[in-house]
K.L.:
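Starting off with a structure, shown below.
Letters go in sequence order (proteins before strands), and every chain restarts at 1. Values below: every heavy atom of this structure, side chains too, minus hydrogens, waters and symmetry copies.
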Amino acid sequence: MQGQALPGFRDFFPAEAALRQHIFAVWREVASRYGFEEYDGPPLEALELYTDKSGEEIVGQLYEFEDRGGRRVALRPEMTPTLARMVASRAQALKKPIRWFAIPQLFRYERQQRGRLREHFQLNMDLLGEPGPLADAEVIAAALDVLRALGFGPDAVRVRLSDRRVLRALLAHAGVSDPQLPAAYAAIDKIDREPREVLEARLAKLGLAEPVIAATLAVGNVRGREPFRAALASLPDGGEVADPLVECVAALDAMQLGAFVDVDLSIVRGLAYYTGIVFELFDAGRSLRAICGGGRYDGLLTALGGPDLPAVGFGMGDVVLGELLAERGIHPAGAAGLQAFLVGVTAEDTETVLALAHRLRDTGIRVEFALKAQSVGKQLKLAAARNAPRAVIVGPDERAAGEALVRDLGTGTEARVAFDRLNDVLAQQ
RNA sequence: GUGGCUGUAGCUCAAAGGUUAGAGCGCCGGACUGUGGCUCCGGAGGCUGCGGGUUCAAGUCCCGUCAGCCACCCCA
């Protein structure tokens with residue numbers, strides 16, 4: 001059909017634009033509460049920035065082309081390479097830890113589905129230069145506070161936490177060798193989506209013996225704090241490897257966010273570059289895709305050609321978040337509406353209406369008026385449709401007295417107000 | 001990239017292969033030339049996603065294509 005946005009791209013009508021603005025405003029507000037500073041980079045980058053350094057999946061989904069100068073370029077599919085470049089260029093000068101966030105529009109050419117388009121906006125929060133678990137807790141808390149600020153509690157939203165280091169230790173203890181780890185991760189990642197027989201067949205193909213397969217799946221099925229503690233107790237060193245995760249959970253408890261937190265070793269995350277704690281936020285009903293995903297990626301900045309800084313961060317997209325809000329019937333208040341609608345009774349009143357409107361607008365009052373001569377009824381109808389709380393009616397009688405008739409469109413009561421007192425009256429409420 | 005389901009007005013949906021494709025909501029106008037919401041009346045708005053085919057006749061059946069949704073894949 002003609003006259004439609006490209007597949008996977010969106011038109012933002014006023015209602016959608018208002019929702020987007022609401023989400024952005026909450027993102028910025030929460031990020032600044034955590035002391036994060038906003039940065040941004042170009043939406044178009046040199047192709048090599050991604051082909052050299054991103055994973056194969058991302059490269060296969062790039063929007064790429066040659067610009068008029070013969071350069072191979074790509075729309076950014078993720079923010080991390082840009083972040084790495086920017087941090088690298090000033091790494092020596094930046095006070096650590098670095099707390100930066102951005103709201104980039106990201107592009108990936110792939111088949112669209114619900115909650116997944118070819119373009120979306122994503123809150124990226126990254127904390128660089130601090131390897132300890134309080135840094136992980138800090139970004140997780142920020143992600144949770146975004147959801148809290150949007151009106152969601154622990155009954156609606158959950159964060160599921162794991163740690164690559166713990167998973168590796170438990171799998172090694174179960175008898176999985178290093179080369180077999182990635183495939184074992186992949187199997188655990190699918191533990192909720194594929195039947196047990198399929199997972200067992202996957203692992204068997206890997207050359208794992210039956211007891212090892214059973215132990216691997218058992219590790220993936222560790223959910224909840226008690227089973228987690230029990231699994232750690234089985235480790236020879238008593239689970240020391242899990243200290244960061246344990247401390248991170250304790251920090252979230254101390255921040256009163258513990259009710260949101262589930263330890264869940266089936267959380268793996270697809271990206272290969274995660275090195276420690278990983279987490280995902282979900283709606284409690286699990287009817288949507290992950291709201292947010294992130295984790296620790298020490299070593300990635302170096303791999304991208306940046307400085308050797310430990311890092312932890314997450315991405316949170318606007319699409320799933322918008323769906324979650326819609327599903328819960330939460331609608332933003334929208335842009336600040338009109339405070340008054342000016343009504344001219346006769347054509348001769350237009351000049352006065354224009355003068356009043358401009359004076360009120362100069363003092364910050366939001367007003368509208370009919371752009372052509374219309375009956376008073378017509379104008380009031382428009383005022384009501386615009387949800388204006390008051391109408392300011394000016395006719396020959398009022399003009400002669402230097403007053404306007406201010407009608408409360410909720411109660412229908414009217415009062416005469418001198419022209420020079422209008423802004424005081426309209427500013428109220 | 002693979003497979004399945006679905007495409008009719010701005011939106012939600014009718015129309016058992018048979019006149020000129022309808023309704024509700026929304027939009028515009030009127031009843032109502034100094035008072036809105038309600039009501040009543042009228043109007044605009046459709047190449048039935050697009051292209052082929054079958055048939056005396058296609059919104060309806062068939063094929064293709066595009067788009068949307070869903071499941072894979074992968075991830076955000």
K.L.:
Considering only the P atoms, how many Å lie between B/C25 and B/G18, rounded to the nearest integer?
P.N.:
28 Å
K.L.:
Return the nucleotide paired to B/G59: Watson-Crick means purine N1 to pyrimidine N3 with N6-O4 or O6-N4, wobble means G-U with N1-O2 and O6-N3, both under 3.5 Å.
P.N.:
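WC or wobble partner does not exist here.
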K.L.:
Any salt bridge linking A/R72 with A/E48? Criterion: basic side-chain nitrogen under 4.0 Å from a carboxylate oxygen.
P.N.:
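A/E48 and A/R72: not salt-bridged.
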K.L.:
Quantified in whole Å, what is the P atom distance between nucleotide B/G59 and nucleotide B/U12?
P.N.:
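Their P atoms lie roughly 22 Å apart.
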K.L.:
CG of A/L117 versus P of B/C70: gap in Å, rounded?
P.N.:
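Atom-to-atom, A/L117 to B/C70, this comes out as 11 Å.
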K.L.:
Between A/E110 and A/R116, does any side-chain N to carboxylate O distance fall below 4.0 Å?
P.N.:
yes
K.L.:
Indicate yes or no: does A/E16 engage A/R10 in a salt bridge with an N to O separation below 4.0 Å.
P.N.:
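No, A/E16 and A/R10 are not salt-bridged.
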K.L.:
Need one value for A/E110: base, sugar-phosphate or nothing, where a base atom within 4.0 Å counts as base even if backbone is also close, heavy atoms only.
P.N.:
base
K.L.:
Could you state the atom-to-atom distance from CH2 of A/W27 to P of B/A76 in whole Å?
P.N.:
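Atom CH2 in A/W27 sits about 15 Å away from atom P in B/A76.
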K.L.:
Figure out the CZ/C1' separation between A/R10 and B/A76, and round it to whole Å.
P.N.:
12 Å
K.L.:
Rounded to the Å, how far apart are A/N124 CG and B/A76 P?
P.N.:
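Taking atom P of B/A76 as the reference, CG of A/N124 is at 11 Å.
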K.L.:
Rounding to a whole Å, what distance do you find between A/R114:CZ and B/C74:C1'?
P.N.:
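Result: 19 Å.
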K.L.:
Sub-3.5 Å donor-acceptor pair from the side chain of A/R225 to the main-chain atoms of A/V263, do we have one?
P.N.:
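The answer is no, because no donor-acceptor pair under 3.5 Å joins these two groups.
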K.L.:
Below 4.0 angstrom, N of the basic side chain to O of the carboxylate: do A/E403 and A/R421 qualify?
P.N.:
no
K.L.:
Drop me the distance from A/F36's CZ to A/W27's CH2, to the nearest 0.5 angstrom.
P.N.:
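Those atoms lie 15.0 Å apart.
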K.L.:
Can you tell whether the side chains of A/R33 and A/E29 come within less than 4.0 Å, N to carboxylate O?
P.N.:
yes
K.L.:
Which distance, rounded to the nearest 0.5 Å, do you find between the CD of A/E351 and the CZ of A/R399?
P.N.:
9.0 Å
K.L.:
Using whole Å, report how far CG of A/L62 lies from C1' of B/C74.
P.N.:
14 Å
K.L.:
Do the charged groups of A/R359 and A/D362 touch, with an N to O distance under 4.0 Å?
P.N.:
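Here A/R359 does not pair with A/D362 in a salt bridge, since their nearest N and O are not under 4.0 Å apart.
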K.L.:
Using a cut-off of under 3.5 Å, enumerate the N/O to N/O pairs linking the protein to nucleotides 3-5 of chain B.
P.N.:
from, atom 1, to, atom 2, distance (Å)
B/G3, O6, A/R111, NH2, 3.3

K.L.:
Tell me the partner of B/G37, counting only Watson-Crick (N1-N3 plus N6-O4 or O6-N4) or G-U wobble (N1-O2 and O6-N3) with both under 3.5 Å; none if nothing fits.
P.N.:
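Its partner: none found.
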K.L.:
How close or far is atom C1' of B/C75 from atom CZ of A/R118, stated in whole angstroms?
P.N.:
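It works out to 15 Å between those atoms.
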K.L.:
Considering heavy-atom distances to RNA chain B, does A/G115 or A/F9 have its closest nucleotide positioned more toward the 5' end?
P.N.:
A/F9
K.L.:
Does the structure show a Watson-Crick or G-U wobble partner for B/G7, both distances under 3.5 Å? Name it, or say none.
P.N.:
B/C66
K.L.:
Taking the C1' atom of each, how far is B/C62 from B/U55, in whole Å?
P.N.:
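Their C1' atoms lie roughly 12 Å apart.
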K.L.:
Could you check which nucleotide pairs with B/A21 in any of the strands shown, counting Watson-Crick or G-U wobble with both distances under 3.5 Å?
P.N.:
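When the pairing criteria are applied, nothing turns out to pair with B/A21, so the answer is none.
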K.L.:
Can you tell me the pairing partner of B/A71 across any strand shown, Watson-Crick or G-U wobble, with both distances under 3.5 angstrom?
P.N.:
B/U2
K.L.:
Hey, which of these two, A/R116 or A/G8, hits RNA chain B nearer its 5' end, going by closest nucleotide?
P.N.:
A/G8
K.L.:
Expressed as a whole number of angstroms, how long is the span from A/Y273:OH to B/C74:C1'?
P.N.:
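So the two atoms are 14 Å apart, to the nearest Å.
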K.L.:
Considering Watson-Crick and G-U wobble pairs with both distances under 3.5 Å, what does B/U48 pair with?
P.N.:
none
K.L.:
Can you give one letter per nucleotide of nucleotides 28-43 of chain B, 5' to 3': B if a protein heavy atom sits under 4.0 Å from the base, S if only from the sugar-phosphate, - if neither?
P.N.:
-SS---BBBB------
K.L.:
Check A/R164 with A/D298, please: is the shortest side-chain N to carboxylate O separation under 4.0 Å?
P.N.:
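No salt bridge links A/D298 with A/R164.
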K.L.:
To the nearest 0.5 Å, how far apart are CG in A/L382 and CZ in A/F341?
P.N.:
4.0 Å
K.L.:
Expressed in whole Å, how much space separates the P atoms belonging to B/U39 and B/G49?
P.N.:
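That atom pair is separated by 33 Å.
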K.L.:
Does the structure show a Watson-Crick or G-U wobble partner for B/G26, both distances under 3.5 Å? Name it, or say none.
P.N.:
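For B/G26, the partner nucleotide comes out as none, under the 3.5 Å rule.
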